[in-house]
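What follows is a single structure, written as structure tokens, with notes after it.
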Protein chains: 2
Amino acid sequence: MVSVARPVHDEVALRLAGLEQRYTPIRRALVTTLADAGRPLSIPEILASVDELPQSSAYRTVTALIEAGVVRRVTGVDDHGRFELTEDLAGHHHHLACGSCGTVEDIAPSPRLERAMAEAARVVAEEQGYEVTSHQFDLVGVCSTCRALPG
Amino acid sequence: MVSVARPVHDEVALRLAGLEQRYTPIRRALVTTLADAGRPLSIPEILASVDELPQSSAYRTVTALIEAGVVRRVTGVDDHGRFELTEDLAGHHHHLACGSCGTVEDIAPSPRLERAMAEAARVVAEEQGYEVTSHQFDLVGVCSTCRALPG
DNA sequence: CTTGTAATGAGAACCATTCCCATCTACACT
DNA sequence: AGTGTAGATGGGAATGGTTCTCATTACAAG
């Protein structure tokens with residue numbers, strides 16, 4: 001909750017200012033929450049984390065931060081939008097969505113994974129004429145928690 | 001439209017029968033449409049492809065086919081569900097979602113891509129304790145059409 | 001302190017999806 | 001072929017996440 005580096009807040013304030021927008025307490029709380037979560041959060045999760053936050057403000061604030069280029073929307077396996085700080089603020093990583101419970105986790109980049117991902121992106125670019133967006137992959141699987149469940 | 005191999009229809013009929021369900025004309029039309037599309041289709045796309053299909057029937061039919069294990073839902077970059085035949089009916093492949101227009105394409109598996117994907121899945125399984133679902137990956141990028149657009 | 005502009009909160013509006021129910025149809029058994 | 005039973009269909013109502021509207025409030029500059 002106080003673990004967010006000041007440079008992040010400064011950078012967010014700067015980008016908002018570039019659009020003539022203010023870095024208000026609500027926006028600051030949202031940035032802090034997303035930074036601390038370490039994984040993309042859905043709106044319900046954000047509402048549970050930030051005290052006294054009306055739903056409409058949550059959606060609007062998230063939208064404002066997206067427009068300022070400090071938050072991006074992540075699509076998971078269920079139909080809930082999930083949000084995280086952009087890579088230039090939170091660091092490069094990939095995502096792993098659990099097809100069973102819907103939770104999305106960040107994957108810390110390891111050299112082996114990066115090599116495999118980079119190779120996959122290269123192949124897709126060559127063979128399909130696609131430009132893979134900023135080395136961003138989302139994998140779907142079953143998380144260890146759900147695998148342990150009966151059924 | 002007549003390009004669907006008979007074994008596919010037979011298999012679908014069999015799986016529906018296993019749940020005491022019938023392989024009706026509507027369901028057959030949907031299977032044919034999905035098989036011919038060669039990429040996951042959204043409900044609006046399905047409605048445009050199948051003549052005289054009420055929206056409620058489209059959703060219900062898709063749901064029935066999912067329960068029978070012959071169709072699966074694919075999540076793209078926008079919030080529209082997209083549907084395709086399962087891999088055991090349509091063959092193994094990956095997806096490429098265009099972050100700009102939302103269209104999802106199938107990626108034909110090439111040896112190079114498979115190697116890279118398999119390696120990525122292995123790493124994720126080892127390092128994150130995840131079981132990656134049936135070698136299924138979805139990548140996001142910008143398709144060649146959208147890249148050619150101004151702006 | 002005044003004023004202009006952005007931000008907020010509550011609820012209405014929207015839209016994709018799901019649910020309901022009366023009607024229709026397919027298959028099994030005469 | 002005729003009939004009965006259960007599944008399937010279609011139209012519309014209901015749901016739920018997300019977006020929009022607008023009156024009110026909070027800032028920053030003069």
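Quantities reported herein were computed from a predicted structural model and do not represent experimental measurements. Every chain is numbered from 1, with letters handed out A, B, ... down the list of sequences.
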With a 3.5 Å cut-off and no angle check, do the side chains of B/H94 and B/E114 form a donor-acceptor pair?
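Yes - a donor-acceptor pair under 3.5 Å links their side chains.
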Distance-only side-chain donor-acceptor flag, A/E84 / A/H95, under 3.5 Å
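Yes - a donor-acceptor pair under 3.5 Å links their side chains.
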Could you list all N or O pairs between the protein and nucleotides 1-12 of chain D that sit under 3.5 Å apart?
from: D/dA6; atom 1: N3; to: B/R22; atom 2: NH2; distance (Å): 3.4
from: D/dG7; atom 1: O4'; to: B/R22; atom 2: NH2; distance (Å): 3.3
from: D/dA8; atom 1: OP1; to: B/R22; atom 2: N; distance (Å): 2.9
from: D/dA8; atom 1: OP1; to: B/R27; atom 2: NH1; distance (Å): 2.4
from: D/dA8; atom 1: OP1; to: B/R27; atom 2: NH2; distance (Å): 3.2
from: D/dA8; atom 1: OP2; to: B/Q21; atom 2: NE2; distance (Å): 3.3
from: D/dT9; atom 1: OP1; to: B/T24; atom 2: OG1; distance (Å): 2.7
from: D/dG10; atom 1: OP2; to: B/S57; atom 2: OG; distance (Å): 2.5
from: D/dG10; atom 1: N7; to: B/R60; atom 2: NH2; distance (Å): 2.4
from: D/dG11; atom 1: N7; to: B/S56; atom 2: OG; distance (Å): 2.9

Please report how far the helix from C/dC1-D/dG30 to C/dT30-D/dA1 bends, comparing the axis fitted to its first five pairs with the axis fitted to its last five, to the nearest 10 degrees.
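Axis angle across the helix from C/dC1-D/dG30 to C/dT30-D/dA1, nearest 10°: 30°.
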In whole Å, I'd like the distance from the [atom1] atom of [X] to the [atom2] atom of [N].
X     : N      : atom1 : atom2 : value
A/L47 : D/dG17 : CG    : C1'   : 12 Å
A/H80 : D/dG16 : NE2   : C1'   : 8 Å
A/L30 : C/dT8  : CG    : P     : 10 Å
B/Q55 : C/dA16 : CD    : P     : 8 Å
A/E45 : D/dT18 : CD    : P     : 12 Å

Residues B/E119, A/R112: salt bridge by 4.0 Å N-O rule
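Judged by the 4.0 Å cut-off on N to carboxylate O distance, B/E119 and A/R112 do form a salt bridge.
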Identify whether the distance between the nearest side-chain nitrogen and carboxylate oxygen of B/R15 and B/E67 falls below 4.0 Å.
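B/E67 and B/R15: not salt-bridged.
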Could you state whether A/V124 and B/V124 fall into the same hydrophobic cluster, counting links through intermediate Ile, Leu, Val, Met, Phe, Trp or Tyr residues with side-chain heavy atoms under 4.5 angstrom apart?
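In one cluster with A/V124: B/V124, yes.
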With a 4.5 Å cut-off on side-chain heavy-atom distances among I, L, V, M, F, W and Y, is there a chain of contacts connecting B/L41 to B/Y59?
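Both belong to a single hydrophobic cluster.
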Quick one: is D/dT19 close enough that its OP1 or OP2 comes under 4.0 Å of any side-chain N or O from A/Y59?
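No.
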Hey, could you give me the CD1/CZ distance between B/I46 and B/R82, rounded to the nearest 0.5 Å?
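Rounded to the nearest 0.5 Å, the CD1-CZ separation comes to 10.0 Å.
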Is the backbone N or O of B/H93 less than 3.5 Å from a side-chain atom of B/E87, with the two atoms forming a donor-acceptor pair by type?
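Answer holds: yes.
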